[in-house]
Amino acid sequence: MPEAYDHNQIELKWEQRLRDPSLYRADPSAPAPKYYVVEMLPYPSGRLHMGHVRNYSIGDALARYMWMRGYNVQHPMGWDAFGLPAENAAIARGRHPREWTISNIAEMKRQMYRMGFAYDWDLEITTCEPEYYRWNQWFFLKMLERGLAYRKKAMVNWCPKCATVLANEQVIDGCCWRHEDTPVEQRALEQWFWKITQYADELLRDIDTKLAGGWPERVLTMQRNWIGRSEGSEIDFTLEGSGEKIRVFTTRVDTIYGATCVILAPEHPIAAKLLDETGRARAKQMIDARAHKGPGDLEKDGHFTGAYAINPYSGDRLPVWIGNFVLMEYGTGAIMAVPAHDERDFDFCKTHGIPIRPVIRPLDGELDENPEAAFTEDGIVERSGEFSALSSAEARRKMNQCAEREGFGKAAITFRLKDWGISRQRYWGTPIPVIHCAKCGTVPVPESDLPVVLPHDVKFTGEGRSPLAEVASFMNVACPQCGGPAKRESDTMDTFVDSSWYFYRYLDPKNEKAPFDSAIVAKWFPMDQYIGGVTHAILHLMYSRFFTKVMRDLGLVSNDEPATNLFTQGMVLGHDGTAMSKSKGNVVDPEEMIEKYGADTCRLFVLFAAPPEKDMPWIEASVGGPRKFLERVHRFVVRNSDGTAPGDAAADRRALRKLHQTIRKITEDFTNRWHFNTSIAALMELINDLYADEESLSRSALDQISPTLVLLLAPFAPYLAEELWEALGRKGPVFRQRWPSYDDELAKEDAAEVVLQVNGKLRGRILVHFGASSEELEKAALADPKVQPFLSGKQVTKVVVVPDKLVNIVVR
RNA sequence: GCGGAGAUGGCGGAAUUGGCAGACGCACUAGCUUGAGGUGCUAGCGGGUAACACCGUGGGGGUUCAAGUCCCCCUCUCCGCACCA
């Protein structure tokens with residue numbers, strides 16, 4: 001009896017032997033085509049979770065397969081090491097974020113080694129190290145130079161009890177995460193923004209021209225919606241009295257003769273001027289209420305300012321309101337309300353007693369004088385002066401021309417996409433490299449002074465201003481321009497900055513002169529494959545795309561997009577089919593599973609349980625299947641590794657045929673759609689067949705089958721593959737061997753099985769030689785004893801023959 | 001509300017191009033093996049029937065010799081966005 005499959009003994013042995021990162025190194029001088037595959041880097045939260053195991057098992061299988069296909073594979077890993085949890089740990093447990101983060105990284109790296117992921121660890125990057133984040137700062141300065149970075153007042157969540165700014169994820173049901181009964185307020189703070197909107201058009205266009213086909217359609221749709229381009233008009237309404245202009249954005253200027261009021265966002269600067277004290281209190285109330293907005297919709301609320309504005313087309317005198325449903329961040333922060341032709345306006349005007357004036361007639365009907373609901377489709381314009389009787393589309397065109405001619409408006413395009421607010425009132429992030437000088441204003445830190453190093457000794461109370469603001473030695477600095485006393489910026493950068501370009505830095509991680517060497521990047525970019533969770537479909541990927549375009553415009557890279565292909569894997573769910581969470585108690589710890597079943601089994605299960613793009617539940621009872629399979633492979637290879645074997649030609653033929661069918665199947669799965677669940681199922685079928693014929697196989701057949709089987713297993717269960725490769729007396733490592741090729745002739749069945757149907761129902765099957773003629777098949781089918789009873793007393797009206805496959809006899 | 005994805009045995013899933021529904025695995029049942037077993041092996045396993053017939057891929061219609069797959073209508077589930085003017 002051969003020794004049993006002892007996963008711990010095998011895996012720990014090979015983990016040690018295969019530790020050298022140079023084994024996984026790409027060879028820059030190799031003539032082989034490059035393949036750059038990156039899995040989204042983890043946040044070092046403490047331990048690997050099943051989502052990581054899945055993500056990295058997919059990427060690892062792919063990297064190993066591509067190596068075996070002879071590609072020059074680059075496969076790095078790193079740490080998204082800045083972020084809020086580290087700071088929370090500091091507040092809750094008094095551990096320094098740095099120490100907490102570094103020890104988490106060590107732990108997770110140990111786990112990744114244990115899993116046997118094939119990374120070139122010499123490329124490792126850690127975003128919280130000054131060697132990395134200094135280039136965030138450098139990019140910030142470049143953005144500033146190019147006018148892509150600017151400062152403006154923006155609203156933040158504010159907890160009055162902590163007297164501190166809250167991140168969105170710290171706001172729970174509109175209240176502070178630490179004070180559940182304290183509603184969050186909105187406060188305006190000077191913050192830094194990056195002008196991603198300057199690239200809105202290109203970001204949108206390249207979705208179709210550069211990404212379609214290589215990125216999941218779902219992600220592209222989300223990005224298109226997020227960018228939200230919409231064409232319309234901007235029109236000035238003149239305030240009665242002051243003559244000040246209120247500019248509104250509308251996509252339906254054709255309805256403007258139906259406007260019955262103008263509504264400003266409560267934050268609108270003009271609103272502050274028009275409102276009295278009560279009005280301003282109402283505005284503040286609306287702003288705060290919006291922050292608490294839970295899943296339930298907010299009631300439409302409004303307040304009349306007392307002012308009137310003139311419709312430039314009709315001359316109508318319209319009341320000016322503020323309304324809680326008008327967003328300052330979108331369009332111009334002001335709208336014209338056309339209740340007859342917009343549902344929201346209809347709602348608003350109904351509740352506030354504002355008149356409704358229909359001006360669009362449906363193409364196939366009459367103008368509804370007393371509408372019960374808004375008619376929002378295009379139609380024929382009526383009661384609109386010189387524009388009457390035009391179609392909506394034509395009216396919009398003419399009205400835009402008119403606005404431009406008269407100087408009170410123009411055609412305009414608005415994006416939903418907003419500029420990227422990168423300021424965080426946090427400690428554990430990249431310090432923003434600017435200095436505030438009373439004399440010179442906002443002064444960038446000179447490039448030669450980078451990095452602006454995050455100070456180590458900081459108090460974490462979770463209260464008060466940003467922690468950095470309290471560190472005098474950090475804050476007080478001489479102004480780089482005038483040398484006078486000045487203060488550093490105390491905000492740090494959003495951690496999405498770190499993850500927007502890390503895949504470039506991997507290629508040249510130790511460069512001290514530049515973020516990376518452009519020549520090296522040019523060789524490897526764009527990434528051939530990027531793999532991660534769909535949760536990052538919008539923000540991370542949009543910011544990464546933006547960064548790439550900025551880097552291109554800086555002359556650093558020549559690619560327009562970071563990745564040609566994106567793959568989004570599904571989530572790993574608990575046994576109850578819902579997302580794993582501590583509160584539900586359905587969390588499965590990968591390390592426990594590795595202990596119990598082995599890393600190879602974990603990988604295999606996570607790839608086998610579902611196709612990789614789908615969510616999959618972790619059902620421990622099912623893990624035994626892949627485990628048993630590995631045991632069977634181990635047993636088969638070990639006990640057949642030498643000695644004589646009887647040899648039965650028919651059994652050999654069967655086994656080799658199945659072997660070649662399996663190679664073909666797995667090769668196709670890798671090429672087409674990554675359905676590794678079916679690849680592994682094919683391997684299971686193969687081993688099942690081999691067991692059935694084991695006694696009869698010849699020595700020479702076994703000598704072909706076993707090594708090939710091991711090679712096929714290698715991308716999915718690398719540890720066992722190494723062990724068996726060695727047991728077969730081969731020189732490793734196995735993931736640097738050639739992927740086996742298949743022979744279609746050998747894979748071919750001896751005879752074609754043809755299905756016999758009568759009226760589309762299966763009645764029998766026959767074996768025939770391949771390429772049998774339709775006449776032959778028809779004759780055989782009509783004569784078949786299983787088919788005959790279904791023909792008696794019936795008239796054959798038609799016979800459909802699909803050669804080598806099927807005969808369908810149609811009877812009446 | 002808008003947009004996207006999906007619904008197949010007790011469970012996870014397979015069927016890639018309109019051509020045998022349920023591959024592979026789990027669970028379950030029976031037999032053999034074992035001193036014993038969370039072991040190994042063999043067989044069975046959609047419903048239905050003594051066996052056939054027949055029924056069966058969320059529901060209803062349609063196209064076709066043939067539909068899980070194509071078309072129309074409906075229901076439900078998940079995800080994203082959600083007053084975007």
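Only a predicted model underlies this, so the values are computations on that prediction, with no experimental measurement involved.
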Which is true for [X] with a 4.0 Å heavy-atom rule: it touches a base, it touches only sugar-phosphate, or it touches nothing?
X      : result
A/N677 : sugar-phosphate
A/R224 : nothing
A/E753 : base
A/T797 : nothing
A/V338 : nothing
A/D615 : sugar-phosphate
A/Q757 : base

[N] versus [M] - spacing of their [atom1] atoms, nearest Å:
N     : M     : atom1 : result
B/C73 : B/C54 : C1'   : 29 Å
B/C70 : B/A7  : P     : 11 Å
B/U42 : B/U63 : P     : 49 Å
B/A51 : B/U69 : P     : 31 Å
B/C71 : B/C41 : P     : 45 Å
B/U57 : B/G22 : C1'   : 9 Å
B/U77 : B/C65 : C1'   : 36 Å

Any salt bridge between [X] and [Y], counting N to O under 4.0 Å?
X      : Y      : value
A/K748 : A/D744 : no
A/E217 : A/R224 : yes
A/E631 : A/R627 : yes
A/D316 : A/R357 : yes
A/R654 : A/D693 : yes

Pairing check on [N]: which nucleotide meets the Watson-Crick or G-U wobble criteria with it, both distances under 3.5 Å?
N     : value
B/A82 : none
B/C24 : B/G12
B/G19 : B/C65
B/A36 : none
B/G6  : B/C76

Handout entry: Which residue lies more 5' along RNA chain B, comparing A/I619 with A/E631 via nearest heavy atoms
Key = A/I619
Handout entry: Residue whose closest nucleotide on RNA chain B lies nearer the 5' end, A/M684 versus A/T332
Key =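 By nearest-heavy-atom nucleotide position, the 5'-most residue is A/M684.
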Selection from [options] that lies nearest to any side-chain heavy atom of [X]:
X      : options             : result
A/R763 : B/C54, B/A85, B/A14 : B/C54
A/D669 : B/C11, B/U16, B/C79 : B/U16
A/L762 : B/C81, B/A21, B/A85 : B/A21
A/V810 : B/C65, B/G13, B/C24 : B/C65

Exercise for the section: Classify the side chain of A/K805 and the base of B/C20 as holding, or not holding, a donor-acceptor pair under 3.5 Å. Expected result: no
Problem - Donor-acceptor pair under 3.5 Å, A/K665 side chain vs B/U16 base - result: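 Under the 3.5 Å cut-off, the side chain and the base do form a donor-acceptor pair.
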Handout entry: Heavy-atom side-chain contact between A/E685 and A/D689 under 4.5 Å
Key =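 No. Closest side-chain heavy atoms not under 4.5 Å.
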Spacing between [X] atom [atom1] and [N] atom [atom2], to the nearest angstrom:
X      : N     : atom1 : atom2 : result
A/K614 : B/C78 : NZ    : P     : 15 Å
A/I207 : B/G3  : CD1   : C1'   : 14 Å
A/R765 : B/G19 : CZ    : P     : 16 Å
A/L604 : B/C26 : CG    : P     : 12 Å

Problem - Residue pair A/W321, A/F348: steps toward the ring-ring contact (aromatic ring centres under 6.0 Å, His included) verdict - result: CA-CA 11 Å; A/W321 288 64; A/F348 185 85; 5.7 Å; yes
